[in-house]
A.B. asks: 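Let me give you the structure first, and then I'll get to my questions.
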Amino acid sequence: SAFFEQSNLWIPYQKNETTISFSGLFAWNRVLWFLGSILLMGVSYGKFSFRKHHYTYPLKTKVHEIPLQITPRLKNPSPSIGGFSQVIPSAVKLELSLVFKSFPFWVVTGSWIIIAVTEIYSKIYSGGAYGENYFPASQILLEQVQTPLYFFSLVLLVFFTGELVWRAKESNFHEILGATPAPSGYFFISSLISLLAMIGIMIFVTLGICFGYQLVKGYQGIDSFPLLVLVISPGISLLFFTLLMLQIHQWCSFKYLGICISVFAVALFSSSLGDAVGLTHPLLKIGTSPFLSYSQQAGFGLTSNSFWLFNLLWMTLGLIISINLFSNWKGSSMRKQQKSGWKNHSRLALPTLLFIGISCFYFYHINIVGKYKSDSSRLDEQHQYELTYKKHQADPLPTYSSLAIEIDLFPSKSTFYAKVRGHLKNTSESPIHTLMLTEKVELEKLKIEKASKIEKDEQLRVNLIQFETS
């Protein structure tokens, strides 16, 4: 990209200190995108209108009256569930035709194809720190496409969830649907299937691009199969947000109100907005989970546990939303006034208890066992660290004269075990009475010769070592 064209060969110090220069390809990139945005805004302003289109109706013609034939009244009609087997396929066909005829769908999909192709190309060809090329390995391709695919799919969901839910009402067809004996939950299932089909298209287009790069570079093989993980990561999170947006639109009385609340929910739970307002705890980021990462050495072992555990929690919540939507899907105004009975609430009892139990279990392991710390508590610890140990800033420090390290790596468990032996030497002219050792990783056994006393601050993870002085 134009941004990395300037910073591609920067060292870490330059990346932290140097600002991007508004020149060259970066300047042209911003100018072209700005002009394109102005053009798109102008076209949207000229075409958009809240008014209904004026249609011309054909002239009325004379109609010959036909004698009315009275048919006998049906007695005790009792339609069976099997009689509605064509409701879902028919509704899905109608809704998918709306999606595929929609200009925004093809704009977003086309934009994603261009971005995916260019981002992968820039990474594989001269995408290294020193301009070297990469093989299109699955771990590299997943790193490039998972996050942007997730957000592009959310954009489609935000728009088309509102379009599909309010399609019948805007065309004044909802009262007819509400008058039919077909269960209202069938229309919920059709809308869910249509939205998931749209997301499936995005995922399989991405898979096609990734497999295409591997085919061109001759890298296809067993290593290609991990790319299929895109179906569940970010597929499961997208499934949950689909259910959440459908529920939001069922609660709202206006289409654009539902879209606005959906945008806010996505921004709150899936972006940095949640961190800005204090939603930093993993259990408060509803619907989000770490993406599955892959490496040829560790496989999916680095993040698989947290991925499956969090998705189990959110799918339990999604099951609650699904049962509620299937039982209380709003059709006509008559169905909106219907109140859910005790039978509908009883269906939610077991999933709700399961969700509460899993949440409590995760809370215990995150906060108690894992010793979770919020951003405010970390800042408080840093403040306390500076107040307590600032006085040791000017103390002389020893250096290693020799160092031996033995490391056992356990990639599947995302951990390691190390034995470190070394000799310290005082190269300064002043004697060392006290040495402060901060633990970046928890130390199991710490032994230092000629140390008269070792005090450990468990909260700040600091070892204060007192030496024998003659």
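Both backbone and side-chain heavy atoms feed into the values below; hydrogens, waters and symmetry mates do not.
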A.B. asks: Restricting to non-hydrogen atoms, name the atom on Gly162 and the atom on His249 that form the minimum distance, rounded to 0.1 Å.
C.D. replies: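 That closest heavy-atom pairing would be CA-CE1, 3.4 Å.
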A.B. asks: Take Glu381 and Lys373 through the test salt bridge (Lys or Arg N to Asp or Glu O under 4.0 Å) and record every step on the way to the result.
C.D. replies: CA-CA 10 Å; Glu381 286 188 359; Lys373 296 179 181 178; 2.9 Å; yes
A.B. asks: Minimum heavy-atom separation for Gln250 to Asn328, with atom names?
C.D. replies: OE1-O, 4.1 Å
A.B. asks: Please examine the side chains of Asn324 and Gln247, heavy atoms only from C-beta on, and report whether any two atoms are closer than 4.5 Å.
C.D. replies: yes
A.B. asks: Test your reading of the model: is there a side-chain donor-acceptor pair from Ser97 to the backbone of Leu94, 3.5 Å cut-off?
C.D. replies: yes
A.B. asks: I would like to know whether Leu279 and Leu273 meet side chain to side chain contact (heavy atoms under 4.5 Å, CB included); could you show each step before the answer?
C.D. replies: CA-CA 8 Å; Leu279 297 182; Leu273 177 62; over 6 Å; no
A.B. asks: To the closest 0.5 Å, what do you measure between CD1 (Ile366) and CG (Leu309)?
C.D. replies: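 Separation between the atoms: 9.0 Å.
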A.B. asks: Determine whether a donor-acceptor pair (N or O, by modelled atom type, separation under 3.5 Å) exists between the side chain of Tyr213 and the backbone of Val117.
C.D. replies: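 A pair under 3.5 Å: yes.
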A.B. asks: Which heavy atom of Gln139 sits nearest a heavy atom of Tyr294, and at what distance?
C.D. replies: CB-O, 2.9 Å
A.B. asks: What's the shortest heavy-atom distance between Pro234 and Phe291, and which atoms?
C.D. replies: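 Looks like CB-CE2, 3.5 Å.
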A.B. asks: Give the intermediate values and the outcome of side chain to side chain contact (heavy atoms under 4.5 Å, CB included) for residues Ile232 and Phe307.
C.D. replies: CA-CA 10 Å; Ile232 59 174; Phe307 171 81; 4.3 Å; yes
A.B. asks: Short question: side chain of Ser233, backbone of Leu292 - any donor-acceptor pair under 3.5 Å?
C.D. replies: yes
A.B. asks: In this structure, are over 12 heavy atoms from other groups packed under 6.0 Å from Phe151 atom CZ?
C.D. replies: yes
A.B. asks: Donor-acceptor pair, distance only, cut-off 3.5 Å: does the side chain of Thr388 make one with the backbone of Tyr385?
C.D. replies: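 Checking the backbone N and O of Tyr385 against the side chain of Thr388, no donor-acceptor pair under 3.5 Å is found.
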A.B. asks: Between CH2 of Trp112 and CD of Glu119, what distance do you get to the nearest 0.5 Å?
C.D. replies: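 CD of Glu119 is found 8.5 Å from CH2 of Trp112.
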A.B. asks: Do Thr438 and Arg461 have side chains that approach each other closer than 4.5 Å (heavy atoms only, starting at C-beta)?
C.D. replies: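 Heavy-atom side-chain distance check fails, nothing below 4.5 Å.
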A.B. asks: Would Leu460 and Tyr389 count as a side chain to side chain contact (heavy atoms under 4.5 Å, CB included) here? Give the steps.
C.D. replies: CA-CA 10 Å; Leu460 301 179; Tyr389 300 106; 3.7 Å; yes
A.B. asks: Considering all heavy atoms of both residues, which atom of Ser237 and which atom of Gly287 are nearest to each other, and what is their separation?
C.D. replies: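 Distance-wise, the nearest heavy atoms are OG-O, 3.3 Å.
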A.B. asks: Say you draw a straight line from CZ of Phe152 to OG of Ser111; how long is it, rounded to the nearest 0.5 Å?
C.D. replies: 6.0 Å
A.B. asks: Using the salt bridge (Lys or Arg N to Asp or Glu O under 4.0 Å) rule, take Lys123 and Glu143 through it: C-alpha gap first, then chi angles, then the decisive distance, then the call.
C.D. replies: CA-CA 10 Å; Lys123 182 66 177 180; Glu143 290 174 358; 5.7 Å; no
A.B. asks: Report the relative orientation of the aromatic rings in Phe241 and Tyr150; use parallel for angles under 30°, tilted for 30 to 60°, perpendicular for over 60°.
C.D. replies: perpendicular
A.B. asks: Go through it in stages, so that I can follow the logic: the residues are Thr399 and Leu424, the test is side chain to side chain contact (heavy atoms under 4.5 Å, CB included), and I'd like the CA-CA distance, side-chain angles, deciding distance and then a yes or no.
C.D. replies: CA-CA 5 Å; Thr399 58; Leu424 296 173; over 6 Å; no
A.B. asks: Step by step, would you call Asp275 with Thr280 a side chain to side chain donor-acceptor pair (under 3.5 Å)?
C.D. replies: CA-CA 5 Å; Asp275 297 331; Thr280 57; 5.9 Å; no
A.B. asks: Does a donor on one side chain and an acceptor on the other come within less than 3.5 Å for Trp314 and Thr288?
C.D. replies: no
A.B. asks: Answer yes or no: is there a side-chain heavy-atom contact under 4.5 Å between Leu98 and Phe160?
C.D. replies: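 Side-chain contact under 4.5 Å: no.
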A.B. asks: Under 4.5 Å between any side-chain heavy atoms of Phe225 and Leu228, yes or no?
C.D. replies: yes
A.B. asks: Can you confirm whether or not the ring centre of Phe105 sits under 6.0 Å from the ring centre of Phe159?
C.D. replies: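 Centroid distance Phe105-Phe159: not below 6.0 Å, so no.
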A.B. asks: If I take atom CG from residue Leu142 and atom SG from residue Cys210, how far apart are they, to the nearest 0.5 angstrom?
C.D. replies: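 That separation rounds to 7.0 Å.
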A.B. asks: Once you round to the nearest 0.5 Å, how far does CD of Gln214 lie from CD1 of Ile124?
C.D. replies: 8.5 Å
A.B. asks: Looking only at heavy atoms, which two atoms of Leu227 and Ser138 are closest? And how far apart?
C.D. replies: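 Heavy-atom minimum between the residues: CG-OG, 3.8 Å.
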A.B. asks: Under the 3.5 angstrom rule, does the side chain of Ser191 hit a backbone N or O of Phe187 as a donor-acceptor pair?
C.D. replies: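 Side chain of Ser191 to backbone of Phe187, a donor-acceptor pair under 3.5 Å: yes, one is there.
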A.B. asks: Within this structure, what is the CG-CD1 distance for the pair Leu243 and Ile323, rounded to the nearest 0.5 Å?
C.D. replies: 11.0 Å
A.B. asks: Evaluate side chain to side chain donor-acceptor pair (under 3.5 Å) for Asp380 paired with His383, printing each intermediate quantity in order.
C.D. replies: CA-CA 5 Å; Asp380 292 338; His383 177 69; over 6 Å; no
A.B. asks: Contact between Cys252 and Ile261 at the side-chain level, heavy atoms closer than 4.5 Å - yes or no?
C.D. replies: yes
A.B. asks: Without swapping roles, check the side chain of Thr118 against the backbone of Ile115 for a donor-acceptor pair under 3.5 Å.
C.D. replies: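 Judged by distance alone, yes, a pair lies under 3.5 Å.
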A.B. asks: Taking the side chain as every heavy atom from C-beta outward, state whether Leu35 and Leu39 have any atom pair closer than 4.5 Å.
C.D. replies: no
A.B. asks: Looking at Thr109 and Trp106, would you say the former's side chain and the latter's main chain have a donor-acceptor pair under 3.5 Å?
C.D. replies: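 Side chain of Thr109 to backbone of Trp106, a donor-acceptor pair under 3.5 Å: no, none is there.
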A.B. asks: Looking at side-chain heavy atoms only, is the closest gap between Tyr256 and Ile259 below 4.5 Å?
C.D. replies: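 Yes, their side chains come closer than 4.5 Å.
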A.B. asks: Side chain to side chain donor-acceptor pair (under 3.5 Å) between Asn463 and Glu439: does it pass, once the steps are laid out?
C.D. replies: CA-CA 8 Å; Asn463 294 279; Glu439 294 183 3; 2.9 Å; yes
A.B. asks: Do Leu319 and Phe355 touch side chain to side chain, with heavy atoms closer than 4.5 Å?
C.D. replies: no
